[in-house]
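The structure appears right after this line, and notes come after that.
Order of the sequence lines sets the chain letters (A, B, ...), proteins ahead of strands, with each chain counted from 1. When reading the values below, keep in mind they use all heavy atoms of this one structure, side chains included, and skip hydrogens, waters and symmetry mates.
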Amino acid sequence: MPELPEVETVCRGLTEVFPTPIAIAKVEVCEARLREPIVPQEVQSLQGSQVTRFFRRAKYMLWEVGEQLVVSHLGMTGSWRVINSSLRGGAASMAGTAVIEQQKPHDHVLVYLRGDPRILVYNDPRRFGLFRVIPKANWQEHPYFQQLGPEPLEKAKFTADQLLTLSRGRSVAVKNFLMDQKVVVGIGNIYASEILFRSGVRPHRLARRVSRDEFSRIVRESRRVLKAAIEKGGTTFRDFRQTGGGEGHFYQKLKVYERAGQPCRRCQTLIRQTTIGGRSSYWCPTCQK
DNA sequence: CTTACATCCTGATTGC
DNA sequence: TGCAATCAGGATGTAA
């Protein structure tokens with residue numbers, strides 16, 4: 001589900017909602033069976049600690065909690081929202097009632113705060129997400145992160161030369177290449193199609209057949225699209241929601257994704273849909289070579 | 001090593 | 001209307 005702009009939106013949303021450090025009072029796990037089972041000892045160790053920062057690496061959201069890091073991946077359908085346990089006027093005796101009223105199916109993790117009536121809730125119907133706690137020391141060396149490629153928005157690390165080198169001899173479609181988190185992080189099925197349209201490159205072209213100039217365009221367009229999507233609060237198609245429950249508005253800017261059979265916004269040719277690597281891909285036969 | 005494909009799940013939509 | 005098939009924004013493990 002969420003790609004880089006959506007995860008970034010969630011991080012920014014939480015940072016906005018919790019500008020000061022927050023203390024975790026209790027973590028309640030309603031359903032531990034996510035992509036990896038939630039470990040009770042890990043969750044318990046968070047109790048009483050301060051969350052000092054929400055940040056992002058690739059499509060992972062990270063919470064800095066003392067000497068540990070909460071690792072939250074949203075999979076396809078995960079979301080975090082904030083509910084208020086004192087909606088009914090703040091009386092402690094009413095808190096339980098209010099919470100129950102706001103609970104939804106597939107709420108798997110509830111993070112209660114100390115001295116704050118709000119509760120952070122993780123919801124994930126398909127349960128492809130992740131909620132684990134790892135040591136903060138050398139976290140980049142952890143298996144979750146060790147193999148990850150560069151952040152596309154960090155200019156020095158994500159370059160056409162880099163892509164050219166990595167792509168030589170690779171007989172995967174350039175779209176799959178771009179979605180490979182070892183090549184560059186944060187790009188998934190929606191943004192891969194959008195980036196390739198804006199770069200004028202057909203998604204099924206083999207990575208090794210893409211020129212240096214084309215990779216330059218891909219690098220530039222990746223940054224443009226991802227930045228623009230962040231500014232719009234991400235893309236909502238089905239499940240994605242911002243922290244406050246709002247939708248992402250970038251879908252209004254999509255040029256090809258889910259537009260099969262509709263005229264290209266640039267040249268009016270009908271947008272085509274093909275399956276590449278088992279995923280739907282959208283492209284314009286005129287604008288993309 | 002690379003690449004193709006199944007798999008983990010639930011829910012919405014499509015087609016008969 | 002009902003029900004089965006299909007598809008969905010991710011990542012990983014397996015096999016070839």
Notebook entry, point to check: Mapping A:Pro105 and A:Arg35 onto DNA chain B by nearest heavy atom, which one lands closer to the 5' end?
Noted result: A:Arg35

Next item on the list: Enter the distance from A:Arg56:CZ to A:Leu4:CG here, rounded to the nearest 0.5 Å.
Entry: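 Interatomic distance, A:Arg56 CZ to A:Leu4 CG, rounded to 0.5 Å: 3.5 Å.
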
Any base atoms under 4.0 Å from [X], or only sugar-phosphate, or nothing? Heavy atoms, all strands.
{"X": "A:Gly188", "value": "sugar-phosphate"}
{"X": "A:Thr235", "value": "base"}
{"X": "A:Tyr191", "value": "nothing"}

Notebook entry, point to check: With a 3.5 Å cut-off and no angle check, do the side chains of A:Glu221 and A:Tyr191 form a donor-acceptor pair?
Noted result: no

Item checked: Exercise: do A:Asn123 and A:Ser79 side chains pair donor with acceptor under 3.5 Å -> no

Checklist line | pi-stack flag for A:Phe128 and C:dG10, centroid dist under 5.5 Å, interplanar under 30° | finding: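 Stacked: ring centres under 5.5 Å, planes under 30°.
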
For the pair made of [atom1] in [X] and [atom2] in [N], what is the distance, rounded to whole Å?
{"X": "A:Tyr122", "N": "B:dT10", "atom1": "OH", "atom2": "C1'", "result": "13 Å"}
{"X": "A:Asn189", "N": "C:dA11", "atom1": "CG", "atom2": "P", "result": "11 Å"}
{"X": "A:Leu34", "N": "C:dG10", "atom1": "CG", "atom2": "C1'", "result": "14 Å"}

Among [options], find the nucleotide with the atom closest to the side chain of [X].
{"X": "A:Gln181", "options": "B:dT3, C:dA11, C:dG10", "value": "C:dA11"}
{"X": "A:Ser171", "options": "B:dT3, C:dG10, C:dT12", "value": "B:dT3"}
{"X": "A:Arg170", "options": "C:dT12, C:dA8, B:dT3", "value": "B:dT3"}
{"X": "A:Glu3", "options": "C:dA8, B:dT3, C:dG10", "value": "C:dG10"}

Check: What about A:Arg279: does its side chain form a donor-acceptor pair under 3.5 Å with the base of C:dA8?
Finding: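 No such pair is found, so the answer is no.
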
Notebook entry, point to check: Could you go step by step and tell me if A:Arg205 and A:Glu214 meet the salt bridge (charged side-chain N to carboxylate O under 4.0 Å, His left out) rule?
Noted result: CA-CA 12 Å; A:Arg205 181 120 60 91; A:Glu214 288 171 325; 2.9 Å; yes

Checklist line | Stems formed with participation of DNA chain B [Watson-Crick or G-U wobble, under 3.5 Å, three or more pairs] | finding: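 When the pairs of DNA chain B are grouped into runs of at least three, the stems are B:2-8 with C:10-16, B:10-16 with C:2-8.
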
Notebook entry, point to check: Would A:Arg132 and A:Glu36 pass as an ion pair if we require N to O under 4.0 Å?
Noted result: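 Yes.
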
Distance check: side-chain N/O of [X] vs OP1/OP2 of [N], anything under 4.0 Å?
{"X": "A:Thr77", "N": "B:dC9", "result": "no"}
{"X": "A:His106", "N": "B:dG11", "result": "yes"}
{"X": "A:Arg127", "N": "B:dT10", "result": "yes"}

Check: So which pairs with a foot in residues 272-283 of chain A pass side-chain hydrogen bond (donor to acceptor under 3.5 Å, both in side chains), sequence neighbours left out?
Finding: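 For residues 272-283 of chain A: A:Lys175-A:Ser281, A:Gln273-A:Ser280, A:Gln273-A:Tyr282, A:Thr274-A:Trp283.
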
Checklist line | C:dT6 versus B:dA6 - spacing of their P atoms, nearest Å | finding: 13 Å

Checklist line | C1' atoms of B:dA12 and C:dA11, separation to the nearest Å | finding: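 Looking at atom C1' only, B:dA12 and C:dA11 are 23 Å apart.
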
Note to self: Considering only residues two or more places apart or on different chains, which pairs with a residue in residues 102-126 of chain A satisfy ring pair (Phe, Tyr, Trp, His ring centres under 6.0 Å)?
What the structure shows: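 As it turns out, the ring pair (Phe, Tyr, Trp, His ring centres under 6.0 Å) pairs with a partner in residues 102-126 of chain A, which skip direct neighbours, are A:Trp80-A:Tyr122.
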
